[in-house]
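Proteins get letters first, then strands, A, B, ... in listed order; numbering begins at 1 in each. Note that the coordinates shown come from a computational prediction; the quantities given were computed from them, not determined experimentally. These numbers come from the heavy atoms of this one structure, side chains and all, not from hydrogens, waters or symmetry mates.
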Amino acid sequence: MSAFKDTMIITQRQLRLLTRVPEVLIFSTIQPVMFVLLFRYVFGGSISTGQPGGYVQLLMPGIFVQTVAFTLAGTASGLAEDMKKGLIDRFRSLPISQSALVMGRTLGDSLLNIVVLAVMGIAGYVVGWRPTSGALNVAIGFIFLLLFGYALSWVGIFVGLSAKDARVVQNVSFIVTFPLTFLSNAFAPTTGMPRALQYFAEWNPVSTMVAGCRELFGLENQFGATAGSFPSENPLLTSFLYMLVIMAIFIPVSVRKYKRSAD
Amino acid sequence: MKSVIAEDLVKTYRNGAVRALDHLSLDVEEGTVLSVLGPNGAGKTTCVRILATLLKPDSGRAMVGGIDVIKHPDKVREVIGLSGQYAAVDEILTGWDNLVMFGQLYHLGKKASIARAEELLERFSLTESAKRPIKTYSGGMRRRLDLAASLIVKPKVLFLDEPTTGLDPRGRQEMWSVIEELVKGGVTLLLTTQYLEEADQLADEIAVIDHGKVIARGTSDALKKQVGGERLEIVVESQNIAKTMEVVATISGNKATLDEGLRMISAPVSTGATALIETLRSLDSAGIHPLDVGLKRPSLDDVFLSLTGHAAEEKKEEEVATTGRRKKAKK
Ligand SMILES: Nc1ncnc2c1ncn2[C@@H]1O[C@H](COP(=O)(O)OP(=O)(O)O)[C@@H](O)[C@H]1O
Ligand SMILES: [Mg+2]
């Protein structure tokens, strides 16, 4: 019980950081909003979708997934920063549950996504995004996205503890996340890719997440190029399994690494 | 009763390539202050981190407040306060935020946390800057806030790792009086320092460490005695040097040495003030008026030199103390 309370206090701390440095929040929403505008107006015209409502319907789920994927970088660099300042030493010398710090951080960073996703949603609406599946399905879609961010946040803990230098962590996280979001169906159909990449793209968790969200937002999943394959037929189930696997591996591994990070 | 006991602690880094602690043993009597004195890289931080449950030793035993550090770290955490070498507070949050958060993490409850935070801010003269983010604080203010954070629930044993490193003289003075206040309150304190005068000023006992080992321990006075007694020092006009040397040698019973540049004659004496008076009388009757005269007790620098055969020099240029930030040793 006290472990839960400790976790909540750390979560509060994560959220309070945002009110003290609103710039972080502003910048973490500006970038995805820029992506929305760029893709919508720069590429949008040249990608034919045959989808009612146009490219922006397909684009928004891609942007949402990409945005929550960057939770990994945020958690990792934030933790690395705390480690560098010796703040972690203080937390560790307190009589609190030793996992509260990482539990609270992953939770806090994931809750930040609520704000970011809300801003994105509004931006999307302004440029013509109109999900057609009803409020419930849209809500489930967003919960799905938040869960994905939460799972990746645990990978972020591991990365943050491994590299220790906040800038290295940033770079490593981007090097990992960027290709993953582009080697997917997020922004363009995978049909144009070389065959090997198509296989990669269809199993890529970003693709299954994007396809799953499209389904929940009421779109036909026409970007799943390799039709008939398991991930493209069952994107929601596959994504869910991915998240479970990520959490099953990274929660215990990251907690353990955190507990041992002093030696 | 001993509040802190460390026995035969060994800690190596990088698979044994760096031996940070090499069979280190020390103890602190309840309600007293032990200063662990040593140059950069001597193993002070490693020792503190082990005692504060942040690090596991390769071998050895440690007890804090009667509790085994290795077996029951969670219990030890309930009775200790730690203020590390680098102020460990959240830079982005305000001083008030920090203390309230730590109070809540000590399970004081929101109301009590706020009350305690305000009390501590007041006591460490931080009330005015309580609502400013820590990153706007001076080095001294940060250290004081960090110390305040380690005092939220009155700890039985307090560890302070180089509490004044990187502070300007005024900040150091302020920190010293804060620490002296605490000690009057009866806390058991283990304090590390590179400053000999700091150990002299604050500690009941001093453990000198070098290369991860305690090389001497005792009161400041005892350590000084270990190096030898006092020295009589007299500065005179050039024409009086020869005669003065004669007098000093006779009274001290030792060979007098001369620093020609300073025109200072000195010799070890065992009778202290008596020898000083005798010398002045003899000189006076010989018509010699010294320009300066004194009894010099050996400094702790002398102690270090005589104990280790080398001055208290830094072992490695691995740490930058002034920035208050941790620079990771990557080699
Ligand atoms: N994490 C670490 N990895 C490798 N070597 C370390 C580490 N921490 C400390 N050391 C080494 O251990 C020795 C003792 O360090 P430390 O306890 O920090 O000394 P002090 O606090 O007295 O300056 C030094 O040689 C230092 O370089
Ligand atoms: Mg140190």
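- Heavy-atom minimum distance, B/Arg77 versus A/Pro95: O-CD, 3.7 Å.
- The two residues A/Ser93 and B/Ala52 make their nearest non-hydrogen contact at CB-O, 4.4 Å.
- One distance of note links CE of B/Met101 with CG of A/Leu94; it measures 8.5 Å at 0.5 Å rounding.
- Taking every heavy atom of both residues into account, B/Leu54 and A/Arg92 meet most closely at CD2-CB, 3.4 Å.
- Residue A/Arg256 places its CZ atom among 12 or fewer non-hydrogen atoms of other residues, nucleotides or ligands, all under 6.0 Å distant.
- B/Leu105 places a side-chain heavy atom less than 4.5 Å from the side chain of A/Phe91.
- When every heavy atom of B/Asp90 is checked against every heavy atom of A/Leu17, the shortest pair comes out as OD1-CD2, 3.8 Å.
- Chain A forms the most heavy-atom pairs under 4.5 Å with one residue out of B/Asp97, B/Val153, B/Ile80, and that residue is B/Asp97.
- Annotation: A/Phe182, atom CZ; neighbour count of heavy atoms from other residues, nucleotides and ligands within 6.0 Å is above 12.
- Residues B/Ala149 and A/Arg90 share a closest heavy-atom pair of CB-NH1, 3.5 Å.
- For the pair B/Glu91 and A/Leu87, the minimum side-chain heavy-atom distance is 4.5 Å or more.
- Residues A/Gln12 and B/Gln104 have side chains in contact (heavy-atom distance under 4.5 Å, counting atoms from C-beta outward).
- Counting non-hydrogen atoms of other residues, nucleotides and ligands closer than 6.0 Å to CZ of A/Phe174 gives a total above 12.
- By the 6.0 Å contact criterion, NZ on B/Lys71 is open, its count of non-hydrogen atoms from other residues, nucleotides or ligands being 12 or less.
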Subject >> Intermediate values then yes/no, side chain to side chain contact (heavy atoms under 4.5 Å, CB included), B/His107 and A/Asp6 >> reply: CA-CA 8 Å; B/His107 307 135; A/Asp6 297 340; 2.7 Å; yes
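- Salt bridge status for B/Arg49 with A/Asp89: present, with a side-chain N to carboxylate O gap under 4.0 Å.
- The shortest distance between side-chain heavy atoms of B/Pro133 and A/Arg20 does not fall below 4.5 Å.
- Atom NZ of B/Lys2 sits in a crowded spot, with more than 12 heavy atoms from other residues, nucleotides or ligands closer than 6.0 Å.
- Residue B/Phe102 touches chain A through its side chain alone, counting heavy-atom pairs closer than 4.5 Å.
- Residue contact with chain B, scored on non-hydrogen atoms closer than 4.5 Å, involves the side chain of A/Ile10 exclusively.
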